[in-house]
Amino acid sequence: MIISQVAKQRIPALDFATEKASSGRHGIHDYPAMLHYLVVRTLLNKYGGKKHILYDPFCGSGVSLCEGLRKGMVAFGTDINPLALLIASVRCSNNIKEVPLRKLMNEVKDVAPDIPEVKNIEYWFKDYVIEDLGRLRATIKKHSGEQYYELLLVAFSQTVRDVSNNRKGEFKRFRLSEDKLETFCPQVLAVFEKNLTSYIDKIIEDSIPEGRKYIFRSDVRKGIPFSKKVDMVITSPPYGDSRTTVAYGQFSSFSLDWLKGLNPFGDADLTLDTYSLGGKRVEYKVDFSKTLEKVYRKLARLNPKRANDVKAFYIDLFTACKNIVDTLNTKAIVCFVVGNRTVNNLQIPMDEIVKEIFECLGLSHKETLIREIYNKRMPLQNSPTNITGKKASTMKHEYIVVMEKRNSDKS
């Protein structure tokens, strides 16, 4: 695919309207707001020819890492969500040899349930579901030393979501209505077996090379957990604070509850969203983006609280970007895939703000490519005014902001 070097342009070829973002091994476990793997592949083909080390600072479920490995690059990823890191690790691996499926399913029948402490567990899971999940958990623990252990955990995690009393297709916690609960009778072990078998098939059918990947649970605002300099960054950061955009913590919460003590990447709970970008109020001057200054002043006249929320998010993002820039080799390419959300009916031009952040940090803008969103798993509507019942459509386009580090010193 040839993309011309125009500063900002709409590229219909990047829409991939007929291609699911969850195709192949990218379909291992649900995860919201995933990068489209074909967008990543296009960027790697265009800019990654002589690049060797890829970094995704907000790696989520590992789309960029997986595609970097496919291209023969060394892949580094960081995220604060231990569930996302577990999914990313499995998607980027081929550890499926000799998964003893029949043995596992037989062991489940005879093991005593291991049920972790889960708040309001009987509200979110039926009694027999709790029992079956507990027996699955106990069985998986017995295989903790095996190379396929993480794969079992991911299949278990998806099963927890599938058999919970939460409304299907929701990111946040919304219990099924009473009439639907009456007829909702999931077969837990069958769901687990189906998920595990499906994931094994995806890994076999969508093969990738056995490459080097390094995945860290880390908050990029506090620094980068490795010293290697990187040649290329491809990432899609949050588009706003988790409370009012995609609530990754709520999405992950059921799985994180049931994975307590099992996940190699650690534990977390519903408070995870408060640790995301903009999760906590910070009071600093905004002096890195003129666009953000203008937006903040307009929004402050409409809703001072929401204006401060937006400011806090971008201050956190600036801190993260500053640390990311410190990892870059000369001539490194940075690709941020972002969306321009609406707050109080005011569109926040995140693409322009991100461009200005990186320019402030010494990078040069190469181009911004615009694609229409068709298959990204995101809420179709939000409440930009925070008025109950008043909805507005969320963003329909993504902006791929491409920057370059032209020299070794920040200007």
> Determine the interplanar angle of the F76 and F216 rings, folded into 0 to 90°, and report it as parallel if under 30°, tilted if 30 to 60°, perpendicular if over 60°.
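Rings of F76 and F216: parallel, as their planes differ by under 30°.
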> Salt bridge or not between R102 and E193? Use side-chain N to carboxylate O under 4.0 Å.
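Judged by the 4.0 Å cut-off on N to carboxylate O distance, R102 and E193 do form a salt bridge.
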> Using a cut-off of 6.0 Å, state whether more than 12 heavy atoms not belonging to K168 lie near its atom NZ.
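Buried by this count: over 12 neighbours within 6.0 Å.
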> Verify the distance criterion only: is there a donor paired with an acceptor across the side chains of T291 and E356 at less than 3.5 Å?
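Yes, a side-chain donor-acceptor pair sits under 3.5 Å.
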> Can you confirm if the aromatic rings of Y314 and Y296 lie within a centre distance of less than 6.0 Å?
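No.
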> Above 12 or not: heavy atoms from other molecules or residues under 6.0 Å from NZ of K260?
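Yes, because the 6.0 Å sphere around NZ of K260 holds more than 12 heavy atoms from other groups.
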> Going by atom types only, do S157 and S255 share a side-chain donor-acceptor pair under 3.5 Å?
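S157 vs S255: donor-acceptor pair found between side chains.
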> Using a strict 4.0 Å threshold on nitrogen-to-oxygen distance, state whether E98 and K103 make a salt bridge.
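Salt bridge between E98 and K103, a charged N being under 4.0 Å from a carboxylate O: no.
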> Would you please classify the geometry between the F226 ring and the Y55 ring as parallel, tilted or perpendicular, with 30° and 60° separating the classes?
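Perpendicular: the ring planes of Y55 and F226 meet at over 60°.
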> Salt bridge or not for D15 and R10, using N-O below 4.0 Å?
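Between R10 and D15 there is a salt bridge, with a charged N closer than 4.0 Å to a carboxylate O.
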> For T235 and F58, which heavy atoms make the closest approach, and how far apart are they?
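The pair with the smallest heavy-atom distance is OG1-N, 3.4 Å.
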> Distance only, no hydrogens: is a donor on one side chain within 3.5 Å (strictly under) of an acceptor on the other, for H143 and E107?
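Yes, a side-chain donor-acceptor pair sits under 3.5 Å.
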> Under 6.0 Å between ring centres: does that hold for F251 and Y31?
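Yes; Y31 has its ring centre under 6.0 Å from that of F251.
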> State whether W124 and R173 meet the cation-pi test: NZ (Lys) or CZ (Arg) under 6.0 Å from the six-membered ring centroid, and within 45° of the perpendicular axis.
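Verdict for W124: a cation-pi partner in R173.
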> For N45 and K71, does a side-chain donor sit closer than 3.5 Å to a side-chain acceptor?
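Yes, a side-chain donor-acceptor pair sits under 3.5 Å.
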> Are K213 and E210 close enough for a salt bridge, meaning some N to O gap below 4.0 Å?
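The answer is no: the pair does not qualify as a salt bridge.
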> So with a 6.0 Å cut-off around CZ of R212, is the heavy-atom count from everything else above 12?
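At most 12 heavy atoms, drawn from other residues, nucleotides or ligands, come within 6.0 Å of this atom.
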> Nearest 0.5 Å, please: how far is CD1 in I87 from CG in N81?
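Output value for this atom pair is 7.5 Å.
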> Can you establish whether the number of heavy atoms outside E122 located under 6.0 Å from its atom CD is more than 12?
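No, CD of E122 has 12 or fewer neighbouring heavy atoms, counting only those of other groups under 6.0 Å.
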> Mark yes when over 12 heavy atoms from residues, nucleotides or ligands other than K194 sit less than 6.0 Å from its NZ; otherwise mark no.
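Atom NZ in K194 is not crowded, with 12 or fewer foreign heavy atoms closer than 6.0 Å.
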> If you count every heavy atom of other residues, nucleotides or ligands that lies below 6.0 Å from K298 atom NZ, does the total exceed 12?
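Open: at most 12 neighbouring heavy atoms sit under 6.0 Å from NZ of K298.
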> Assess the side chains of E67 and H26: does a donor N or O sit below 3.5 Å from an acceptor N or O?
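Side-chain D/A pair, E67 to H26: present.
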> Assign the ring pair F288 / F318 to parallel, tilted or perpendicular, where the plane angle (0 to 90°) is split at 30° and 60°.
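Aromatic pair F288/F318 classed parallel.
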